[in-house]
Number of protein chains: 2
Amino acid sequence: MKFEAVTIKHIAQELGLSTSTVSRALRDSHEISQATKKMVLDHAKKVGFKPNRIAQSLKERKSLSIGVIVCEIANSFFSQVINGIDSVAYEHGYNVIIAQSMESAERELMNLEYLTSSSIDGLIISVSTETKNFSYLKKLHERGLPIVFVDRVIDEIETHKVIADNYKGAYKATKHLIERGYKKIGILSNNSGLSISQERLEGYKAALKEANIPFRENMIAYCDHGGMLYSEVETAMKMLLKQRVKPDAIFAGSDKITTGCLRFMKHKNIRIPQDLALIGFSNTDLTELLNPPLSVIKQPAFEMGQASASLLLSLIESKRPQTKFETRSQSTELLIRKST
Amino acid sequence: MKFEAVTIKHIAQELGLSTSTVSRALRDSHEISQATKKMVLDHAKKVGFKPNRIAQSLKERKSLSIGVIVCEIANSFFSQVINGIDSVAYEHGYNVIIAQSMESAERELMNLEYLTSSSIDGLIISVSTETKNFSYLKKLHERGLPIVFVDRVIDEIETHKVIADNYKGAYKATKHLIERGYKKIGILSNNSGLSISQERLEGYKAALKEANIPFRENMIAYCDHGGMLYSEVETAMKMLLKQRVKPDAIFAGSDKITTGCLRFMKHKNIRIPQDLALIGFSNTDLTELLNPPLSVIKQPAFEMGQASASLLLSLIESKRPQTKFETRSQSTELLIRKST
DNA sequence: TTTATTTACGCAATCGTTCCCGAAATATTC
DNA sequence: GAATATTTCGGGAACGATTGCGTAAATAAA
């Protein structure tokens with residue numbers, strides 16, 4: 001099935017002009033007379049001419065589309081980020097091509113190859129939990145592909161990065177728990193290799209230290225795939241609960257881990273917050289409707305998406321190679337509810 | 001910033017061959033000797049050659065990308081649909097370009113113009129609540145753009161459609177309420193113009209009729225934007241509750257309406273299900289963690305996405321214009337929990 | 001040895017736009 | 001009125017990959 005479009009050549013023929021003249025008239029060049037311009041424009045409108053973006057891309061050597069790789073679209077945080085990206089990309093006439101890594105380094109690599117072969121002008125990526133080898137990404141970056149990291153960043157590559165203030169968010173959450181009287185605070189962390197995990201762990205430790213509570217290594221359990229599988233949250237929680245000194249509160253490190261933890265506690269009939277308090281990073285707008293209403297640290301996901309898109313566009317549209325990069329850290333919000 | 005890629009021309013030059021030979025060697029043409037093939041392939045691999053998809057698209061007159069328009073990405077139902085679309089599109093080497101209408105007919109039209117000018121090979125769309133004028137879409141379809149409707153379909157255009165079994169879903173939900181002893185069942189419907197609203201209303205009516213409960217017009221309230229704004233759910237609920245005969249149960253017609261309704265009832269301290277029972281269409285995986293755990297009708301969103309993508313691809317890749325179209329209806333699931 | 005056939009490759013056009021040149025046609029200057 | 005400047009347009013070459021056609025050389029058949 002073909003979708004026959006009208007081209008500049010058609011217009012030129014019907015109007016007895018050359019394609020160059022038509023092209024210039026459409027682009028409002030100064031070297032075309034008002035009369036011809038009007039004629040061309042009118043006719044173009046009449047026949048519904050739409051420039052072929054693919055031909056333009058080939059000629060201009062840019063595709064006007066940006067690639068986005070996140071671990072999962074159907075995740076409230078990332079879907080909000082995408083929403084933000086979409087909003088500014090759209091404004092600037094860019095397409096957004098989305099791919100999911102599903103927390104798999106292999107799929108991420110495939111997506112990467114795929115998107116770059118699709119001639120994207122730039123990339124926004126939040127690396128998967130599994131990714132340990134950044135060489136391909138690095139190579140792409142060195143070859144000149146504009147890249148912006150969002151949320152899950154890596155140090156090895158110098159470029160713009162957009163993150164939430166994970167340190168402070170975790171600090172605030174932990175401090176809140178301490179102020180509520182909890183002293184044995186378990187932390188359900190995302191994959192230890194992730195930047196967000198490390199920052200959040202630091203924030204957690206800082207709050208403990210400030211309250212003179214010693215940090216215990218066995219109070220930390222990792223969910224290597226960010227809670228994408230319920231089973232890993234379950235295992236982590238069981239590990240935490242079979243310690244000699246059981247935690248009286250849990251601080252969960254990601255959206256899926258937080259809700260996964262809540263699910264676990266419900267299954268085990270653990271009362272919240274009496275038996276065990278719960279606070280975690282989460283971006284669903286349903287947290288206040290949960291049982292109990294969940295205290296959460298909320299990230300400005302939409303704004304983070306917007307920021308990363310505008311940074312990427314500035315990178316793409318800059319004439320000469322950038323050398324100054326910024327890491328934009330956006331503040332999180334602590335919402336205190338019944339679970340703590 | 002440019003991202004200089006290696007082209008066929010480079011390879012040809014370095015190997016002392018013509019571009020045609022290189023191209024043919026890469027495509028494993030029979031008219032190239034094994035020796036040259038090997039030489040080209042090895043060299044291509046060494047320099048990391050990736051064919052320029054834009055040039056291919058221009059030549060082949062297809063872009064290998066499909067457009068998707070939904071009302072909102074950050075909506076559990078649609079993000080799952082997109083997930084399904086992505087999974088099959090990716091397998092077939094297609095890009096997915098996503099746009100959001102935000103329930104606005106104007107934005108939808110802009111997205112439509114935008115995506116088609118981006119030379120998409122086909123379109124999957126779930127129309128916005130506001131859309132009343134389908135002429136642009138119709139024109140596109142007549143001009144040969146393959147289109148598949150998902151969830152929110154329109155009768156005016158004959159093509160493949162993928163829907164959930166809305167009639168049966170609504171019927172099951174209403175019947176369930178009746179069996180639980182509720183007789184005054186209010187319905188919080190999505191925009192009345194939408195196919196899904198009509199089908200769900202019919203299912204609701206059928207269940208009432210079967211139980212000899214008369215249908216009352218004032219038991220139905222509409223949320224014209226599908227509950228995208230909390231305020232419209234609030235208004236609708238207030239309207240329902242100020243009737244002379246107040247409902248003892250609510251059947252909500254969409255994801256956002258269902259959770260919006262729950263939110264409203266919490267704010268008003270309405271006990272669920274004692275004062276008012278609640279069941280609704282929803283696809284969030286958090287419903288069992290809500291307070292109370294919500295009885296819902298769940299749609300096979302991921303599978304619907306998959307189905308629409310494969311139908312679209314069959315349309316795109318079919319040699320001659322299709323005339324036989326199917327409407328694939330996928331069954332919903334009734335999950336009974338504490339809210340009813 | 002001559003003719004037919006196959007093998008292996010290059011030339012050039014094509015997809016739809018853009019843009020560098022050059023060239024009329026018209027306008028301006030001395 | 002000749003020389004110069006300006007305006008307005010067309011020719012044609014890109015962009016990168018694909019492909020029909022042509023052809024030289026190598027091989028096979030007569």
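Side chains are part of it too, since the values below use all heavy atoms of this structure and drop only hydrogens, waters and symmetry mates. In the text below, chain A, chain B and the rest are named by the order of the sequence lines, each starting its count at 1.
Atom CG in A:Leu15 sits about 11 Å away from atom P in D:dC9, given to the nearest Å. Computed from coordinates, the B:Arg61 CZ to C:dA13 P distance equals 18 Å when rounded to whole Å. Between the C1' atom of D:dC9 and the NE2 atom of A:His30 lies a distance of 12 Å, rounded to the nearest Å. A:Leu58 places its CG atom 12 Å from the P atom of C:dG16, with the value rounded to the nearest Å. As a whole-Å value, the separation of A:Lys37 NZ from D:dT7 P is 12 Å. If you take NZ of B:Lys9 and P of D:dA17, they are 9 Å apart, rounded to a whole angstrom. The CZ atom of A:Arg53 sits 16 Å away from the C1' atom of C:dT18 (whole-angstrom rounding). Taking atom CD on A:Glu31 and atom P on C:dA23, their separation rounds to 16 Å, with Å as the unit.
Between B:Glu103 and B:Arg152 there is a salt bridge, since at least one side-chain N of the basic residue sits less than 4.0 Å from a carboxylate O of the acidic one. A:Asp42 has no carboxylate O lying under 4.0 Å from a charged side-chain N of A:Lys46, or vice versa, which leaves the two without a salt bridge.
Using a 4.0 Å heavy-atom criterion, one finds that A:Ile32 contacts the sugar-phosphate atoms exclusively. Backbone-only engagement by A:Thr36 is indicated by non-hydrogen atom pairs under 4.0 Å involving sugar-phosphate atoms exclusively. Heavy atoms of B:Leu17 sit under 4.0 angstrom from primed sugar atoms or phosphate atoms, though from no base atom. Backbone-only contact: A:Gln56 has heavy atoms under 4.0 Å from sugar-phosphate atoms and none from a base. The residue A:Thr7 sits close only to the backbone: its heavy atoms come under 4.0 Å of sugar-phosphate atoms, none of a base.
For a distance-only test at 3.5 Å, the side chain of B:Arg24 qualifies as a donor-acceptor partner of the base of C:dG10. The base of C:dT18 sits within donor-acceptor range of the side chain of A:Lys59, with an N or O pair under 3.5 Å. If you check distances only, the side chain of B:Glu60 never reaches the base of C:dC15 with a donor-acceptor pair under 3.5 Å. Remark: the B:Ser20 side chain and the C:dC11 base include a donor-acceptor N/O pair separated by less than 3.5 Å.
Of the candidate nucleotides C:dT17, C:dC9, C:dT18, C:dT17 has the atom lying nearest to any side-chain atom of A:Phe49. Of the listed nucleotides (C:dT18, D:dT18, D:dC9), D:dT18 has the atom at the smallest distance from the side chain of B:Arg27.
Counting heavy atoms of neighbouring residues, nucleotides and ligands inside a 6.0 Å radius, atom NZ of A:Lys132 exceeds 12 of them.
Both cation-pi conditions hold for A:Arg107 and B:Tyr90: the charged atom is under 6.0 angstrom from the six-membered ring centre and inside a 45 degree cone around its axis.
Contact check, A:Ser23 against C:dC19: no side-chain N or O comes under 4.0 Å of OP1 or OP2.
Taking the nucleotide of DNA chain C with the nearest heavy atom to each of B:Ala55 and B:Val22, the more 5' of the two is matched to B:Val22.
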Salt bridge (Lys or Arg N to Asp or Glu O under 4.0 Å) assessment of A:Glu326 paired with A:Arg328: CA-CA 6 Å; A:Glu326 59 174 308; A:Arg328 218 174 271 186; 3.3 Å; yes
Full working for side chain to side chain contact (heavy atoms under 4.5 Å, CB included) between A:Ile11 and A:Met39: CA-CA 10 Å; A:Ile11 299 184; A:Met39 181 173 71; over 6 Å; no
